Amino acid sequence: MKKVNNQLHVYNSIEQMEEAAHRKAAEKDPVYGLQETVELILRVYGVTREGLNQRKGNNRIRILYYK
């Protein structure tokens, strides 16, 4: 289970808030960030991990290049 951060931060300016957000994002582990992104996408589309694992696919990724 994830630990919930219940702290309230008050900033003196929008710039100070944005700087703190950028600093926090830079400190985050990139793999963890990707995992969070995948979980969010699954929630948005209403797909569970079990449902995703049961799909029969060709397991290929197609990369399209546009000029």
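None of the values given here were measured: they were computed from a predicted structure. Computed over heavy atoms, backbone and side chain alike; hydrogens, waters and symmetry mates excluded. Quick note: residue numbers are just sequence positions, from 1.
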Rounded to the nearest 0.5 angstrom, the NZ-CD distance for Lys24 and Glu27 is 9.5 Å

*Determine, for Arg23 against Glu19, whether the closest basic-nitrogen to carboxylate-oxygen distance falls under 4.0 angstrom.*
yes

Linked, directly or transitively: Leu40 and Leu34 (ILVMFWY side chains, under 4.5 Å): no

Is there side-chain contact between Met17 and His9, with at least one heavy-atom pair below 4.5 Å?
no

Margin query: Grouping I, L, V, M, F, W and Y whenever their side-chain heavy atoms are under 4.5 Å apart, do Val31 and Val38 come out in a common cluster?
Written below: no

Residues Gln16 and Asn12: closest non-hydrogen pair is OE1-N, 2.6 Å

Please examine the side chains of Arg62 and Leu64, heavy atoms only from C-beta on, and report whether any two atoms are closer than 4.5 Å. yes

